[in-house]
Amino acid sequence: MIITTYLPFAEEKQSEKKPIIYNINLKQIETSLSENKQGLTIINLWATWCPPCVAELAHFGNIYEKYPKEKVHLYLINIEGKEIKEKVLEPFLKKNPLPCPVYLLDEGSPEEIEKVLKTEISGALPITLIYNSGGRLLKKFEESISEKDIQSILKENGINEKDI
Amino acid sequence: MTNYNLTRKIKSLFTICLTICVMLGISCQGKALNIGDSMPDFNLKDYDGKEHSLSQYKGKIVVIEFCSQECPYSRGADPDLVKLHTKYSTKGVVFLGIDSHFKTQPEEIKKYALEVKKPYPILKDFENKFADKVEAKVTPEIFIVDKDGKIAYHGAFDDRKGPDGQPTEKYTENALEALLSGKPIEKTETKAWGCTIKRVPKN
């Protein structure tokens with residue numbers, strides 16, 4: 001009896017792994033850039049409706065797994081608003097699982113978000129911004145970014161893959 | 001003394017040259033177009049091969065929509081653009097789409113436009129030359145040109161966050177209402193999420 005009820009539950013748990021979604025607001029983004037974290041902060045703005053954004057998510061997932069967490073602070077920020085969490089974002093992430101958490105921007109227009117990001121943005125997605133530990137913007141991509149692009153920036157800044 | 005004068009002359013000539021360079025530099029680097037500037041003219045063919053220029057619509061309010069059927073966000077705005085066209089074309093407003101995507105061909109645009117019943121001409125901007133000229137970056141991106149050919153509104157179609165999202169502010173419609181009733185437009189410049197205009201790859 002115990003076995004029969006336990007097994008299906010275990011299987012379900014495996015396939016229905018709940019994606020990690022954190023809500024984030026403009027203030028929290030601003031704070032995260034002013035915390036003087038060690039290493040680099042990568043902010044990627046994306047949406048589920050944006051095919052090039054979706055295509056590059058896996059690259060960020062790989063970066064998250066390959067590099068030490070204390071040196072690469074990755075924020076994959078979905079801009080579609082908190083109302084999409086259950087109906088859109090969760091099913092999307094179940095279908096396209098990621099090893100890293102995803103952040104959902106509560107609300108904020110491109111004009112509001114560019115203020116906290118300290119740079120002008122066009123609003124055309126995807127957008128990737130890379131900041132140093134002092135919160136200074138090092139690179140801005142208003143286009144798709146490859147895993148190689150990210151890796152070379154990390155290397156330039158003395159950040160190497162984990163030894164394992 | 002002569003040498004001193006010559007040096008002074010060279011110096012002043014150098015200063016003039018530098019000033020000109022700086023001025024030219026600023027005019028090239030600064031934001032290409034501002035509200036109130038004349039919208040540059042174009043001569044582009046629609047998907048049926050008919051030529052359109054902005055100057056031919058002089059005296060009319062023109063809504064220019066940089067669009068791309070490759071962009072879900074741009075497609076998402078289409079049903080509302082169709083409605084807006086129905087509402088305002090009878091009031092003399094001209095609607096023109098411009099497709100600057102480096103891959104999309106006129107016959108594909110025609111197929112899509114007929115499918116979604118987009119009623120206004122969509123012009124093909126080959127090699128994204130006009131998009132470059134006006135520094136259009138996103139789809140959809142709207143320019144509203146007033147009866148004098150000046151840019152009255154530039155930016156987002158509305159403030160939705162996704163293709164099917166509900167807008168809370170209808171920027172384009174609000175701007176048209178203001179223009180038609182002779183009132184100042186409340187928001188003349190806005191930004192929106194959207195897709196990048198996929199340009200011809202540079203070598």
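A, B, ... follow the sequence lines: proteins, then strands. Residue 1 opens every chain.
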Asker: Let me know if B:T139 has heavy atoms under 4.5 Å from chain A in its side chain, its backbone, both or neither.
Answerer: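 No part of it gets close to chain A.
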Asker: For residues 113-132 of chain B, give me every residue with a non-hydrogen atom less than 4.5 Å from any non-hydrogen atom of chain A.
Answerer: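 Within residues 113-132 of chain B, near chain A: nothing under 4.5 Å.
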Asker: Once you round to the nearest 0.5 Å, how far does CD1 of B:I142 lie from CZ of B:F157?
Answerer: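 Going from CD1 on B:I142 over to CZ on B:F157, the span is 6.0 Å.
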Asker: Output yes when B:D158 and B:R160 qualify as a salt bridge under the 4.0 Å nitrogen-oxygen rule, no when they do not.
Answerer: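 Judged by the 4.0 Å cut-off on N to carboxylate O distance, B:D158 and B:R160 do form a salt bridge.
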Asker: For B:T86 and B:S89, which heavy atoms make the closest approach, and how far apart are they?
Answerer: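 Looks like O-OG, 4.0 Å.
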Asker: What are the residues of residues 50-70 of chain B, in order of number, with any heavy atom under 4.5 angstrom from a heavy atom of chain A?
Answerer: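 Result: none.
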Asker: CG of A:L154 to CD of A:Q151: how many Å apart, nearest 0.5 Å?
Answerer: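 Here the rounded value is 7.5 Å.
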Asker: Can you find a pair of side-chain heavy atoms, one from B:L180 and one from B:V93, that are under 4.5 Å apart?
Answerer: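 Yes - at least one pair of side-chain heavy atoms lies under 4.5 Å apart.
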Asker: Report the relative orientation of the aromatic rings in B:F143 and B:H154; use parallel for angles under 30°, tilted for 30 to 60°, perpendicular for over 60°.
Answerer: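 Parallel: the ring planes of B:F143 and B:H154 meet at under 30°.
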Asker: First locate atom CG of A:N78, then atom CG of A:N23, and finally report the distance between them rounded to the nearest 0.5 Å.
Answerer: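 One finds 11.0 Å between CG of A:N78 and CG of A:N23.
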Asker: Write down the atom of A:S152, the atom of A:D149, and the distance for their closest heavy-atom approach.
Answerer: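 Scanning both residues completely, I find the closest heavy atoms to be OG-O, 3.0 Å.
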Asker: Knowing that exactly one of A:Y103, A:Y131, A:Y22 qualifies, which makes a ring pair (Phe, Tyr, Trp, His ring centres under 6.0 Å) with A:Y75?
Answerer: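 Only one of A:Y103, A:Y131, A:Y22 forms a ring pair (Phe, Tyr, Trp, His ring centres under 6.0 Å) with A:Y75, namely A:Y103.
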Asker: Looking at B:G165, B:P163, B:C71, B:A156, which one has more heavy-atom pairs under 4.5 Å with chain A than the rest?
Answerer: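 The option with the most such pairs is B:P163.
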Asker: Ring centres under 6.0 Å, that's the criterion: do B:Y73 and B:W193 meet it?
Answerer: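 B:Y73 vs B:W193: aromatic centres not under 6.0 Å.
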Asker: Got a sec: does the NZ of B:K147 have more than 12 other heavy atoms crowding it under 6.0 Å?
Answerer: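 Atom NZ in B:K147 is not crowded, with 12 or fewer foreign heavy atoms closer than 6.0 Å.
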Asker: Out of curiosity, A:D106 CG to A:K27 NZ, how far, rounded to the nearest 0.5 Å?
Answerer: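 Rounded to the nearest 0.5 Å, the CG-NZ separation comes to 14.5 Å.
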Asker: Taking the side chain as C-beta and beyond, is there a heavy-atom pair between B:E186 and B:E177 under 4.5 Å?
Answerer: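 When only atoms from C-beta onward are counted, B:E177 and B:E186 do not touch, as no gap falls below 4.5 Å.
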Asker: State the NE2-OG1 distance between B:H85 and B:T90, to the nearest 0.5 angstrom.
Answerer: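 Answer rounded to 0.5 Å: 9.0 Å.
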Asker: Could you look at A:S122 and say if it's the side chain, the backbone, both or neither that has a heavy atom under 4.5 Å from chain B?
Answerer: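 For A:S122, heavy atoms of backbone and side chain both lie under 4.5 Å from chain B.
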Asker: Decide yes or no for B:S38 and B:K150: does some side-chain heavy atom of the first lie under 4.5 Å from some side-chain heavy atom of the second?
Answerer: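 B:S38 reaches B:K150 side chain to side chain.
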Asker: Considering residues, nucleotides and ligands other than B:K45, do more than 12 of their heavy atoms fall under 6.0 Å from its NZ?
Answerer: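 Result for NZ/B:K45: open.
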Asker: With chain B as the partner, which of A:V88, A:I121, A:I84 has the greatest number of non-hydrogen pairs under 4.5 Å?
Answerer: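 Of the options given, most contacts go to A:I121.
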Asker: Please determine whether a side-chain nitrogen of the Lys or Arg among A:K115 and A:E112 lies less than 4.0 Å from a carboxylate oxygen of the Asp or Glu.
Answerer: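 Here A:K115 does not pair with A:E112 in a salt bridge, since their nearest N and O are not under 4.0 Å apart.
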Asker: Suppose a student defines contact as a heavy atom less than 4.5 Å from any heavy atom of chain B. Which residues in residues 56-74 of chain A would they list?
Answerer: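 Near chain B, by residue number: none.
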Asker: Side chain, backbone, both or neither: which part of A:E142 has a non-hydrogen atom closer than 4.5 Å to chain B?
Answerer: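 Answer is backbone: N, CA, C or O of A:E142 sit under 4.5 Å from chain B.
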Asker: Any heavy-atom pair between the side chains of A:I29 and A:L105 that's under 4.5 Å?
Answerer: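 Heavy-atom side-chain distance check passes, below 4.5 Å.
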Asker: Does atom NZ of B:K137 have more than 12 heavy-atom neighbours from other groups under 6.0 Å away?
Answerer: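 12 or below, so no.
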Asker: Select all residues of residues 39-47 of chain A having any heavy atom within less than 4.5 Å of some heavy atom of chain B, and report them by number, or 'none'.
Answerer: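 Counting heavy atoms that sit under 4.5 Å from chain B, the residues of residues 39-47 of chain A involved are A:L45.
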